[in-house]
Amino acid sequence: MESSTFQPHATQGHVLCCLCGCNIMPNPSNMCVNCIRTQVDITEGIQKQVIMLWCKECGRYLQPPKHWVAAQLESKELLTLCIKKVKGLNKVKLVDASFIWTEPHSKRIKIKLTIQAEVFNGTILQQSFVVEYVVENNMCPDCNRANANPNSWIACAQVRQHVFHKRTFLYLEQLILKYGADSNCIKVNDIHEGVDFFFKTRAHALKFIDFLQSVVPLSYRHDKQLVSHDTHNNTYNYKYTFSVEIAPICKDDLVCLPAKVSASLGNLGPIVLVTRVTSQITITDPHDLRSVSLDTQVYYRHPFASLASGRNLTSYIVLDVEPINRDGSNVAWGGNSQTGGQAGRFQLAEVQVQRESDLGNDTVFFARTHLGNVLKPGDVALGYDLATAQLVGLDYEAFVAKGGTTPDVILVRKSYEEKRRKRRERGDAARTWKLKQLEMDVDESKTRQIEKEEADRERFMQELEEDPEMRQRINIYRDEAVMAEKNLLGSKKVAQDDMSDDDSDAPEVPLEELLEDLQQLGLDEKGDDEEEDEDMNME
Amino acid sequence: MATRCQFENSNDVGVFAKLTNAYCIVALGGAENFYSVFESELSEHIPVIKTSVAGTRLVGRLTVGNKNGLLLPNTTTDQELMHIRNSLPDEIAVQRIDERLSALGNCIACNDYCALIHPDVDRETEEIIQDVLGVEVFRQTVASNVLVGSYCCITNRGGLMHPKTNVEDLEELSSLLQIPLISGTVNRGSDVISAGLVANDWSAFCGLDTTSTELSVIESIFKLHH
């Protein structure tokens, strides 16, 4: 059953092209394509030769009126740029565009364009043609400015911390290297009590400061200085400066909290130890093991300074350790929920200590400490001698005036000095790991305290060895040369090691945490198993 | 023999002239050039008449005729009718017809034996055509166009059709008209055949723009070479 009317089969007949007489299908002009092409040129109004400006320094092409676009030869961006420059393309329909290869140094770019346009009465003609671009050298204004005053910066971040050491900056340096926050820095200057970072734009500086805010507690101010003023455009060029101050609280500092802060934290005993500084400051009360983390904003609402810092530590010899258990359980967790996740590594203990200088005397101190799990009788510990120290601070004086008492000793950490000395004597002192460094310009004119810098760096490395959580946040690399040496020596020393090798040796960075320094090795990464194979071969 | 000419710089000679085997009607006005082209070719054999129809010069499109007769639209004035009647030989019947579609030249294509007409022409007109012109009448379209008189040109020896006419239609029309047909163009690819071309059994006239290819097609289909 047929669904629609019968459609007879219709074959289109041929006609002769009216110009050349060849057989063609009838079309509105009744001319064959070649004849139409000879009659009409649809590319007539289109520019065939165009000039393009290119900056040799940065390799960017000008997109008028002002924008410079970076593009490789024969890339998509260059194609769009070239097509935009051709005048007369808006009247015809562009169907296809592609590059024709030219020698890279010929300074010519050729593009084949295919366009469609209507000719005569309704016939659509498609035609391809070539547009040639002459590339001329023209320095872009940015390169011009860069060449005219080299090393000029637009924004500067002056980071300072008013303490007596630079360990925070060493740590910051490692963090910056790990997260690549220095990608936009033009220059880095090492200065007394801080570091200056210079950037090309204000946005880069702000991004850097945002990064810093996430790793250390800081507060900053911003200022700008007028450099030039274009009266015709009413545009102003400024130099921006950000003055960043890192909170002067460091790890292992002794702090007396202001009364308000102490009260708001649930009467956290005003004398506290600072146990960790990241974007939050973690303080621990050594008497009841309560830890609290203070946010940067919370800290700056009632800022406090440290009472005593690492310089004022005295060494004590531990005579006796008595762990204190709560609730009859073996491990003291420190109780409440504010411990900030650190309670597991502390254990409350009563200790009997004697100052190293007092050896042979009867002066013994009793103290409570949070280091119950690491201290054993005979260990050396570092702590603050509050009995003889003269502590200055408004909060401290207010606390004492109200009748507050301080313990005689507050222990901070175990000292591995003795073990390290022994290791150095054994000849095993070289560390199997190393850290990368940021390229800094150091102020040569001022008197550099090189010994102090070395001491700071050594202390920083020791801190890394002692604190696994700090290590997690930065990248540590293997030192292949030292490792190879140690492997050579290791085989000889197997016999001698039996007496000194026990678990109370000086802490070391375990091998698994070390990263391969790819630059040193070249392209391939040797795995851990290869290292082990080497060891087995040696033995 | 096919000749190229122009009427007042227009290539559409079929609009301003009507050519049959017994007479030729040419429009008034303009240079005598046009008239003299026709005269030089035809005056020995057939009368060449200058006239207007309905006060216009579009004699080719308003009238239709063959050796038996001539049909004029109802807009023809009496004076013109008298003039034509007087100028033409007595054997040729001249008739003015009442037809809604008054551009008879566009609606009717004929030779001495058969005619194709616009599908909407009245029945009475069809009968008059049959009587006056003495032809067999077929209602047809050419390349799906109803204006058969515009898009084809037929003589007793052959016919030229609109270029888009498909092969089946050509065969059908050819069998109806009993003459060879071909599709082609005139005046440099124009598809309005009858506007650019007038032809009879031994001569044809087309616009100056007609290319030699088109001219050779015309000469071959109308069998004009001696």
Side-chain angles (χ1 to χ4, degrees), chain A residues 1-46 88 91-96 113-129, chain B residues 2 4 11-12 140-145 150-153 158-177 180-197 204 206-222:
Chain A
M1 183 76 170
E2 272 177 342
S3 52
S4 60
T5 55
F6 170 65
Q7 302 282 11
H9 184 242
T11 21
Q12 199 66 268
H14 289 230
V15 267
L16 296 186
C17 162
C18 63
L19 288 180
C20 63
C22 52
N23 263 338
I24 52 166
M25 297 300 283
N27 65 50
S29 59
N30 291 319
M31 292 200 264
C32 62
V33 186
N34 296 328
C35 292
I36 298 183
R37 287 234 173 90
T38 58
Q39 300 291 309
V40 200
D41 182 16
I42 50 176
T43 68
E44 215 175 334
I46 300 175
K91 296 193 190 66
V92 294
K93 186 172 136 185
L94 183 63
V95 171
D96 186 34
L113 294 173
T114 312
I115 52 172
Q116 275 182 357
E118 193 186 301
V119 291
F120 299 137
N121 45 346
T123 338
I124 296 192
L125 189 62
Q126 183 169 312
Q127 188 173 343
S128 296
F129 63 103
Chain B
R4 289 195 186 99
N11 289 312
D12 294 322
Q140 279 290 336
T141 62
V142 167
S144 317
N145 257 309
S150 311
Y151 289 106
C152 72
C153 180
L160 186 64
M161 315 297 279
H162 187 286
K164 283 220 164 81
T165 318
N166 42 14
V167 176
E168 289 84 13
D169 276 0
L170 270 183
E171 282 173 7
E172 188 189 333
L173 287 170
S174 183
S175 67
L176 275 181
L177 302 173
L181 296 176
I182 196 171
S183 57
T185 65
V186 84
N187 274 345
R188 221 167 225 270
S190 163
D191 43 7
V192 194
I193 308 295
S194 190
L197 169 69
C206 49
L208 217 58
D209 256 352
T210 313
T211 61
S212 44
T213 316
E214 293 166 335
L215 214 54
S216 70
V217 169
I218 290 166
E219 289 199 351
S220 77
I221 195 65
F222 292 129

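Source: prediction; values computed, not measured. Chain letters run A, B, ... following the sequence lines, proteins first and then strands; every chain starts at 1.
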May I ask you to decide if [Y]'s main-chain N or O and [X]'s side chain share a donor-acceptor pair within less than 3.5 Å?
X       : Y       : value
N166(B) : T11(A)  : no
N27(A)  : M31(A)  : yes
D209(B) : N187(B) : no
E219(B) : S216(B) : no

task: Using side chain to side chain contact (heavy atoms under 4.5 Å, CB included) as the criterion, point out the one residue from I115(A), T114(A), V33(A) that pairs with Q126(A).
output: T114(A)

message: What's the separation between atom CG in L170(B) and atom CD1 in I182(B), rounded to the nearest 0.5 Å?
response: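 Output value for this atom pair is 8.5 Å.
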
- request: With a 4.5 angstrom heavy-atom cut-off, could you sort out which part of V167(B) is near chain A: side chain, backbone, both or neither?
  value: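 The answer is both parts of V167(B).
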
- request: Could you look at T165(B) and say if it's the side chain, the backbone, both or neither that has a heavy atom under 4.5 Å from chain A?
  value: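 Only the backbone of T165(B) comes within 4.5 Å of chain A.
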
message: Please classify the contact of S29(A) with chain B as side chain, backbone, both or neither, using a heavy-atom distance under 4.5 Å.
response: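 Just the backbone, heavy atoms under 4.5 Å.
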
- request: Using side-chain contact (heavy atoms from CB on, under 4.5 Å) as the criterion, list what pairs up with E172(B), not counting sequence neighbours.
  value: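 By the side-chain contact (heavy atoms from CB on, under 4.5 Å) rule, E172(B) matches Q140(B), D169(B).
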
message: Please output the residues of residues 12-21 of chain A in contact with chain B, using a heavy-atom cutoff of under 4.5 Å, in numerical order.
response: Q12(A), G13(A), H14(A), V15(A), L16(A), C17(A), C18(A), L19(A), C20(A), G21(A)

